[in-house]
Amino acid sequence: MSARRKYLNYTTPWGVDLARVAQSGWTPFLIHESGYQPALDNWNHQGVDSPFWRFYHNPKPGCHLLYQGRKIPLGPQCAVLIPADTVFDCCGPVKASHFWLHFTTARPGVKMTAEPMVIAVDDTLKPMLRRLISTHRDQPSEVRDHRLHHLSAALLHTVFAALEIDAPSALPERIAEVLAFIARAPHSRLTNPFLAERAGMSVERFIRAFREHLGQTPAAYVLSTRVRLAGEALALTDKTIDQIAAEFGFPNRHYFSRMFARQVGCGPGEFRARQRERKDG
């Protein structure tokens, strides 16, 4: 029997090295929820506002979104991708046949439109959406839910691959590791000297490199990350505001409330109440 050969090189001269994409600020999709309802009776909701992204598709026509006076129809030929913190109205003059995804993706260094994006449901997306909706009709099980997760991730990757946006330049490995640490341990004391030491740089060089690649100071990035993660916890968990403040690195509830309101436009209590006024797609 011939000896098995171990291939230790991650790349070859003939393929496309995609490891650099992983260092460019893109992160995998964290999918919070996949849903489908064939006939929602009341899909009228004003001022929908969430810290996570949404993907909407209605297999039947008749409903629409309203964004800053602009009417965005929902129907079998289109879908809508809605960035986090985008405020819009759901308008359902008829029963809504509605498929949705709620997800999070953080992409530092990439400038994105802050408004809903209409996506054409072409010959690539149609079968993916049909399969997702069909899978929602299966009997609930762990296998079904795992299948939904993979199918949803495949759909989102397909949608994002078609977006006409500038690709970010690759982040230096040291900066990418610091970003990963901030997301993993937002409760830590994330001072400039601490982060610079983790990056193996002087404080001045670290701040300069961070600004160059991310367009903001480390302190501003840390705060926005903490607020974003706290917003997700407010929307998706029953943890108290005090617990969330401590979990995401705010010294106390009062400081957390002030910083959250400065970035989001309302306090954490009002934000949570707004999320729970409705249970829509």
Side-chain angles (χ1 to χ4, degrees), residues 8-12 15-32 51-53 83-85 103-114 153 156-157 160-161 163 165-234 236 239 243-252 255-264 268:
L8 302 178
N9 294 331
Y10 292 104
T11 60
T12 73
V16 177
D17 179 7
L18 293 178
R20 59 187 172 77
V21 178
Q23 297 296 325
S24 66
W26 297 80
T27 62
F29 300 108
L30 174 59
I31 301 171
H32 304 301
F52 46 81
W53 288 62
D85 304 315
F103 64 98
T104 295
T105 181
R107 295 156 56 246
V110 183
K111 291 183 178 179
M112 288 290 296
T113 177
L156 290 175
H157 279 293
F160 272 72
L163 293 180
I165 56 176
D166 294 333
S169 58
L171 291 172
E173 185 175 349
R174 295 177 180 184
I175 299 295
E177 288 175 356
V178 166
L179 298 187
F181 181 81
I182 292 170
R184 188 170 63 248
H187 59 280
S188 302
R189 191 166 179 266
L190 302 174
T191 62
N192 285 339
F194 174 80
L195 295 175
E197 183 178 359
R198 287 195 68 90
M201 301 179 183
S202 69
V203 174
E204 294 77 11
R205 183 184 170 204
F206 171 69
I207 293 174
R208 187 167 59 251
F210 202 98
R211 275 183 176 275
E212 177 186 345
H213 291 282
L214 293 164
Q216 57 185 317
T217 65
Y221 180 85
V222 166
L223 178 59
S224 64
T225 300
R226 284 171 167 165
V227 167
R228 175 175 58 82
L229 295 173
E232 290 177 24
L234 288 165
L236 302 171
K239 294 176 181 177
Q243 286 174 323
I244 291 171
E247 184 174 341
F248 295 106
F250 296 95
N252 54 62
Y255 180 77
F256 168 50
S257 297
R258 190 165 70 252
M259 293 299 102
F260 191 90
R262 181 180 297 175
Q263 295 228 349
V264 178

Considering all heavy atoms, the nearest [X]-[Y] contact:
| X | Y | answer |
| --- | --- | --- |
| I244 | F256 | CG2-CZ, 4.1 Å |
| K239 | E247 | NZ-OE1, 2.8 Å |
| G200 | R174 | O-NH1, 3.3 Å |
| Q216 | F210 | O-CD2, 3.3 Å |
| A183 | L229 | O-CD1, 4.2 Å |
| A196 | V203 | CB-CA, 3.8 Å |

Between [atom1] of [X] and [atom2] of [Y], what distance do you get to the nearest 0.5 Å?
| X | Y | atom1 | atom2 | answer |
| --- | --- | --- | --- | --- |
| N252 | R258 | CG | CZ | 8.0 Å |
| R226 | L190 | CZ | CG | 4.5 Å |
| L195 | F206 | CG | CZ | 4.5 Å |
| Q263 | D85 | CD | CG | 9.5 Å |

Exercise. Any chance the rings of F194 and F181 have centres within less than 6.0 Å?
Worked result: yes
Exercise. W53 and I31: side chain to side chain contact (heavy atoms under 4.5 Å, CB included), yes or no, with the steps?
Worked result: CA-CA 9 Å; W53 288 62; I31 301 171; over 6 Å; no
Problem set entry | Lys/Arg-Asp/Glu bridge criterion (N-O < 4.0 Å) met for E204, R208 | no
For this session: Look at the rings of F103 and F160 and say which category their plane angle falls in: under 30° parallel, 30 to 60° tilted, over 60° perpendicular.
Result: perpendicular
For this session: Kindly indicate, with the supporting measurements, whether the criterion side chain to side chain contact (heavy atoms under 4.5 Å, CB included) is fulfilled by F260 and L234.
Result: CA-CA 11 Å; F260 191 90; L234 288 165; 3.7 Å; yes
For this session: Would you indicate whether Q243, at its atom CD, is surrounded by more than 12 heavy atoms from other residues, nucleotides or ligands within a distance under 6.0 Å?
Result: yes
Exercise. How would you list all residue pairs meeting salt bridge (charged side-chain N to carboxylate O under 4.0 Å, His left out) that involve residues 179-190, not counting sequence neighbours?
Worked result: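 Passing the test, one end in residues 179-190: no pairs.
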